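When reading the values below, keep in mind they use all heavy atoms of this one structure, side chains included, and skip hydrogens, waters and symmetry mates. All figures in this text were calculated on a predicted structure; none of them were measured in a lab.
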Amino acid sequence: MSKIQSWLIAILALIALALIGWNFSNVNDDASSAIVDDGYPTYQTQEAITFVYDPEGKLTYKLVADDVKNYTETKLTWFTNPVLTTFDPNGTPGTPIATWTVRANKAKLTQDKMLYLYGDVQVDSLNDASQLQRITTDNAIVNLTTQDVASDDRVTLIGVGLKSVGMKMRGNLRNKTAELIEKVTTQYEIPHEQPNP
């Protein structure tokens, strides 16, 4: 082998090694910086329980679900059979007082802490003294920060001695208020008192 052939082989080997190294460095950069959006969740789990606390350490709410799927690209989390339990912000950190449960078939949580509930939504008061006992509708939205609740579907409110139906609702779980809007009908039940003997 001549000297020229040896130099030519050495130069070609160096170029090949440089190209291989450059190729590997581009592959690693692309893999670490790009998020693959292939329609699959970033993470998924079953039978999840999430506890959320305020800055003072008080339990704000608990969210239980049969199945949870988180999508990083769209910043959404989907829940199957979610049950949200809210807690009284005036309670003590060691003994939280549950105030409401919110159930649905499915729910979507967005980055701005809005919980969109889909299918057979039911909101139940956990306080027997509350005048408002149950809210049922097909779909609803709960702001997890302010606990505002809204629905643009047919809503049924059940309270102590009354049942009201309306086409829309706005309310707040923390304040224990709900207002029906459009085509509201209400049925009152007057308790029968026994005559004094």
Side-chain angles (χ1 to χ4, degrees), residues 32 34-153 155-160 168-180:
S32 64
I35 296 174
V36 178
D37 183 19
D38 55 4
Y40 293 103
T42 307
Y43 72 83
Q44 178 175 346
T45 187
Q46 293 181 333
E47 298 179 9
I49 301 174
T50 304
F51 295 94
V52 177
Y53 296 87
D54 69 8
E56 297 172 359
K58 295 178 183 173
L59 184 60
T60 305
Y61 61 88
K62 176 176 83 170
L63 185 57
V64 179
D66 290 346
D67 186 61
V68 179
K69 294 178 183 174
N70 178 270
Y71 297 85
T72 303
E73 182 69 22
T74 56
K75 297 182 171 113
L76 296 176
T77 303
W78 284 91
F79 301 91
T80 303
N81 297 322
V83 178
L84 172 72
T85 304
T86 63
F87 293 87
D88 186 349
N90 299 320
T92 59
T95 55
I97 300 169
T99 54
W100 296 92
T101 59
V102 181
R103 303 171 187 276
N105 294 338
K106 285 212 163 273
K108 172 178 71 174
L109 179 63
T110 61
Q111 186 178 7
D112 56 354
K113 296 185 182 175
M114 297 296 287
L115 186 65
Y116 294 83
L117 302 158
Y118 304 102
D120 297 325
V121 178
Q122 182 173 314
V123 181
D124 289 306
S125 174
L126 298 176
N127 180 353
D128 292 335
S130 176
Q131 293 295 310
L132 180 59
Q133 292 295 311
R134 176 172 287 169
I135 302 168
T136 58
T137 187
D138 287 332
N139 302 295
I141 303 169
V142 177
N143 182 323
L144 295 177
T145 304
T146 64
Q147 292 192 8
D148 287 332
V149 61
S151 177
D152 289 335
D153 293 328
V155 178
T156 302
L157 298 179
I158 298 172
V160 177
K168 293 182 180 182
M169 182 210 53
R170 302 291 178 262
N172 186 281
L173 298 176
R174 191 171 288 143
N175 299 334
K176 302 176 186 93
T177 60
E179 176 186 6
L180 290 175

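Here the straight-line distance linking atom CZ of Arg174 with atom OG1 of Thr145 works out to 8.5 Å at 0.5 Å rounding. Here the straight-line distance linking atom CG of Asp66 with atom CD of Glu47 works out to 7.0 Å at 0.5 Å rounding. A distance of 9.5 Å separates CG in Leu144 from CG in Leu173, rounded to the nearest 0.5 Å. Once rounded to the nearest 0.5 Å, the distance linking OG1 of Thr136 with CD1 of Ile158 reads 5.5 Å. With rounding to the nearest 0.5 angstrom, the CG atom of Leu84 is 10.5 Å from the CZ atom of Arg103. Between Gln131 atom CD and Thr177 atom OG1 the span is 13.5 Å, to the nearest 0.5 Å.
A pairwise comparison of heavy atoms in Val121 and Ala104 identifies CG2-CB, 4.0 Å as the closest pair. Contact record, Asn172 with Val149: N-CG1, 4.1 Å, taken as the closest heavy-atom pair. Minimum interatomic distance between Ala107 and Leu117 (heavy atoms only, all atoms of both residues): CB-CD2, 3.8 Å.
Screening residues 107-121 for side chain to side chain donor-acceptor pair (under 3.5 Å) gives Asn105-Asp120, Thr110-Asp112 as the qualifying pairs, with residues at least two apart or on separate chains.
Taking 4.5 Å as the limit, some side-chain heavy atom of Asp152 sits within range of a side-chain heavy atom of Arg170. Inter-residue side-chain proximity for Thr86 and Gln147 is flagged as met; some heavy-atom pair is nearer than 4.5 Å. Looking at heavy atoms from C-beta onward, Lys58 lies out of side-chain contact with Asp88 at the 4.5 angstrom threshold. Using a 4.5 Å cut-off on side-chain heavy atoms (C-beta onward), Leu126 and Thr99 make no contact.
Judged purely by distance below 3.5 Å, without hydrogens or angles, the side chains of Thr146 and Asp148 pair a donor atom with an acceptor atom. Side-chain polar atoms of Lys62 and Thr50 form no donor-acceptor pair below 3.5 angstrom.
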Item to complete: I would like to know whether Val68 and Leu63 meet side chain to side chain contact (heavy atoms under 4.5 Å, CB included); could you show each step before the answer?
Response: CA-CA 11 Å; Val68 179; Leu63 185 57; over 6 Å; no
Worksheet entry | Step-by-step side chain to side chain contact (heavy atoms under 4.5 Å, CB included) determination, Val102 to Leu115 | CA-CA 11 Å; Val102 181; Leu115 186 65; 5.7 Å; no
Item to complete: Starting from the C-alpha separation in whole Å, work towards a yes-or-no answer on side chain to side chain contact (heavy atoms under 4.5 Å, CB included) for Phe87 and Asp54.
Response: CA-CA 11 Å; Phe87 293 87; Asp54 69 8; over 6 Å; no
Discussion item. Could you go through Lys69 and Asp67, starting from their C-alpha distance and side-chain angles, then the distance that decides it, and tell me whether this counts as side chain to side chain contact (heavy atoms under 4.5 Å, CB included)?
Written reply: CA-CA 7 Å; Lys69 294 178 183 174; Asp67 186 61; 3.3 Å; yes
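In this structure, the salt bridge (charged side-chain N to carboxylate O under 4.0 Å, His left out) partners of Arg134, at least two apart in sequence or on a different chain, are Asp124.
Judged purely by atom type and a 3.5 angstrom limit, Ser151 has no side-chain atom pairing as donor or acceptor with the backbone of Thr137.
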